[in-house]
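Reviewing the structure listed below.
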Amino acid sequence: MNRIPRILYAAGPGDVVRTFEYWLTDKKDPLELAETYSGAFFHLVSKHGWSARVISLHGRTDTLTHGLISTENRPLRVSDAKGARYYIVHFFHEGRLFLDVLLWRADVLVLSTPLHWWLFAFLRVAGVWVVPSVHCTFWTGKHPPRVGHVKRLMRSLTGWFWQHGAEATLCTSSDICDQIRQLARTPRGQLHVCTPAFDKCMFESIRAASTTPVARLLFAGRITTTKGVWDMLEAAALLQVRFKDRFYWTICGDGPELESLRVAVAKRGLSSVFHCTGHSDRERLLELLSDACVIIAPTQRGFNEGLNKSVLEGALAGRPVITTSVVPARLVVGEAAVVVTPENPSQLADAIVRLVLNEERWMHHQRAADQFRATYFDTDRTWGTVLEQVLCQLMGTEVAATVKTGLVKGTT
């Protein structure tokens with residue numbers, strides 16, 4: 001290649017402009033425990049001297065350019081779109097992205113979870129390599145559910161994309177890889193399982209876990225129904241009746257249902273044991289992890305969970321995790337996770353009681369979390385590392401030596 005390679009990264013809903021601002025000052029995003037995917041991307045392209053554009057779906061419209069890297073938050077307004085209009089809004093948004101790739105003359109598109117995957121298969125005709133980065137499963141369960149004609153057509157087109165349009169695919173769990181194989185049967189490119197990057201020293205600073213007279217349960221995530229926030233409230237009410245003030249819940253995160261959840265907590269008289277903090281920065285979240293004895297991640301069937309970061313963070317902090325069968329937790333953290341049926345508050349409450357009030361059981365899962373942490377940092381299959389290997393292979397260049405900037409897993 002005679003010119004500087006051009007990589008366009010179509011990211012998810014994260015605020016890539018804010019992350020880029022922190023990255024330019026050699027700082028990590030204070031709202032995240034893990035390295036952001038966009039932060040890993042900035043590090044990768046700057047290390048190789050490649051030109052890059054990053055476009056996200058974040059709701060705040062903004063742009064920032066520095067050197068060979070430009071970033072843009074480009075909101076996707078679909079909150080009130082239903083039926084055919086939902087697909088049309090996505091199609092025009094993704095069609096604009098398709099034109100951006102062509103007009104900017106990108107060599108590679110790193111593509112994160114559009115609705116119309118099939119559209120981007122046609123970029124091969126223009127000589128553009130497409131590298132999907134998939135963070136959510138396509139359905140819950142082992143086999144695809146029965147759907148109507150439109151969704152069945154979309155599913156077939158998605159499989160067609162992986163048969164013909166993807167050079168290589170980054171998946172955040174093996175479940176996603178399995179589903180792509182079901183969709184495409186013989187995917188064109190290699191499927192890579194990769195993980196988020198965490199700073200090992202950050203987790204070593206967390207206090208050892210213990211059960212205390214008041215068991216502190218922590219949820220960290222988006223405050224929406226599909227993340228199980230109302231199931232946790234029901235479970236908290238059940239536990240308060242059976243074990244008054246024995247279990248204290250901390251609900252850490254922001255989202256569209258935060259205020260309604262706070263109102264419901266007050267109405268049910270649970271404010272003393274069920275506390276909604278809103279979004280917390282990294283230092284505050286580390287404190288909450290230190291205080292917690294169990295991490296809760298009760299995702300419902302309505303959310304196609306690829307990899308729940310709070311499950312990883314809990315196990316890396318040496319805490320047992322209670323989650324649902326929607327989350328591929330056992331495949332990731334092993335015996336550190338206790339798995340319950342989704343959308344079942346009474347089963348969630350019973351699992352908490354059996355875990356916290358049985359010291360031998362709790363110690364078993366806690367030791368499994370410690371073992372997971374020890375092995376996690378011994379491997380280097382992080383998203384940024386795998387993407388670098390894929391891009392260098394496509395460009396025909398060598399993987400450059402890692403520059404220790406504090407943005408790579410295991411460095412400080």
Side-chain angles (χ1 to χ4, degrees), residues 12-14 32-34 37 112-113 134-145 171-179 193 195-196 217-239 249-258 260-261 264 274 276-277 279-280 285 288-289 292 294-317 319-352 355 365 369 372:
E32 300 287 343
L33 283 186
Y37 295 110
S112 180
T113 316
V134 191
H135 302 246
C136 293
T137 55
F138 297 89
W139 59 79
T140 58
K142 291 189 175 297
H143 304 289
C171 306
T172 56
S173 76
S174 58
D175 277 6
I176 296 173
C177 292
D178 292 340
Q179 291 186 2
V193 178
T195 62
L217 315 173
L218 174 64
F219 166 87
R222 189 159 172 78
I223 310 302
T224 63
T225 297
T226 54
K227 284 292 187 176
V229 295
W230 299 100
D231 295 333
M232 288 187 292
L233 182 60
E234 290 299 322
L238 293 171
L239 291 176
W249 300 69
T250 300
I251 310 301
C252 178
D254 203 350
E257 298 174 48
L258 176 59
S260 58
L261 181 62
F274 199 92
C276 302
T277 68
H279 206 305
S280 299
L285 185 53
L288 294 174
L289 280 170
V294 177
I295 307 304
I296 311 293
T299 306
Q300 294 187 346
R301 294 183 183 90
F303 189 89
N304 295 343
E305 194 88 81
L307 178 69
N308 189 310
K309 280 188 180 179
S310 66
V311 169
L312 268 181
E313 291 163 356
L316 290 174
R319 269 62 182 169
V321 179
I322 297 178
T323 187
T324 66
S325 54
V326 174
V327 181
R330 278 290 175 86
L331 292 173
V332 180
V333 303
E335 288 293 317
V338 174
V339 179
V340 299
T341 304
E343 300 156 51
N344 193 327
S346 62
Q347 190 178 120
L348 175 61
D350 289 342
I352 292 169
L355 179 62
H365 292 285
F372 167 74

About how many Å separate [atom2] of [Y] and [atom1] of [X], when rounded to the nearest 0.5 Å?
X: C276; Y: I251; atom1: SG; atom2: CD1; result: 6.0 Å
X: Q179; Y: C171; atom1: CD; atom2: SG; result: 10.0 Å
X: F138; Y: D175; atom1: CZ; atom2: CG; result: 12.0 Å
X: I296; Y: T324; atom1: CD1; atom2: OG1; result: 11.5 Å

For a quick test of reading the model, state the closest non-hydrogen atom pair linking [X] to [Y] and the distance between them.
X: A317; Y: R319; value: O-NH1, 2.7 Å
X: I223; Y: G253; value: CG1-O, 3.5 Å
X: L288; Y: S280; value: CD1-OG, 4.3 Å
X: G314; Y: I295; value: CA-CG1, 3.5 Å
X: A220; Y: L285; value: CB-CD1, 4.1 Å
X: A34; Y: E313; value: N-OE2, 4.3 Å

>> Would L33 and L289 count as a side chain to side chain contact (heavy atoms under 4.5 Å, CB included) here? Give the steps.
In response: CA-CA 11 Å; L33 283 186; L289 280 170; 3.7 Å; yes
Taking side chain as C-beta onward, heavy atoms only, is [X] less than 4.5 Å from [Y]?
X: P196; Y: L312; value: yes
X: L238; Y: S346; value: yes
X: V193; Y: C177; value: yes
X: P298; Y: P342; value: no
X: W230; Y: L261; value: yes

> For A297, which residues count as a side-chain contact (heavy atoms from CB on, under 4.5 Å) partner, sequence neighbours excluded?
Replying inline: N308, S310, V311, T323
>> Holding to side-chain contact (heavy atoms from CB on, under 4.5 Å), I want the full list of residues that pass it with A336, two or more places apart in sequence or in another chain.
In response: A315, V333, A368, A369
> Restricting to pairs with a member in residues 335-349, which pass salt bridge (Lys or Arg N to Asp or Glu O under 4.0 Å), not counting sequence neighbours?
Replying inline: R301-E343, R330-E335
> For residues 217-233, which residue pairs qualify under salt bridge (Lys or Arg N to Asp or Glu O under 4.0 Å), counting only residues two or more places apart or in two chains?
Replying inline: K227-E305
Taking side chain to side chain donor-acceptor pair (under 3.5 Å) as the test, write out the residues that go with [X], two or more places apart.
X: S112; answer: none
X: D254; answer: none
X: T226; answer: T224
X: H365; answer: none

>> Tell me every residue that passes salt bridge (Lys or Arg N to Asp or Glu O under 4.0 Å) with E32, counting only those two or more places apart in sequence or in another chain.
In response: none
> With sequence neighbours excluded, what pairs up with E234 under the salt bridge (Lys or Arg N to Asp or Glu O under 4.0 Å) test?
Replying inline: R268
> Residues two or more places apart in sequence or in another chain: which of them pass ring pair (Phe, Tyr, Trp, His ring centres under 6.0 Å) with F372?
Replying inline: Y376
>> Taking ring pair (Phe, Tyr, Trp, His ring centres under 6.0 Å) as the definition, give me every residue that meets it alongside F219, ordered by chain and number, with sequence neighbours left out.
In response: none
>> For Q300 and T225, which I'm curious about, is there any donor-acceptor pair between the side chains at under 3.5 Å?
In response: no
> Parallel, tilted or perpendicular: which fits the ring planes of Y37 and H135, with parallel below 30° and perpendicular above 60°?
Replying inline: perpendicular
>> Please evaluate residues L217 and I352 with respect to the criterion side chain to side chain contact (heavy atoms under 4.5 Å, CB included), reporting the C-alpha separation (whole Å), side-chain torsions for both, the decisive distance (0.1 Å), and the verdict.
In response: CA-CA 9 Å; L217 315 173; I352 292 169; 3.9 Å; yes
> Would V294 and L218 count as a side chain to side chain contact (heavy atoms under 4.5 Å, CB included) if you check the C-alpha gap in whole Å, the side-chain angles of each, and the deciding distance to 0.1 Å?
Replying inline: CA-CA 7 Å; V294 177; L218 174 64; over 6 Å; no
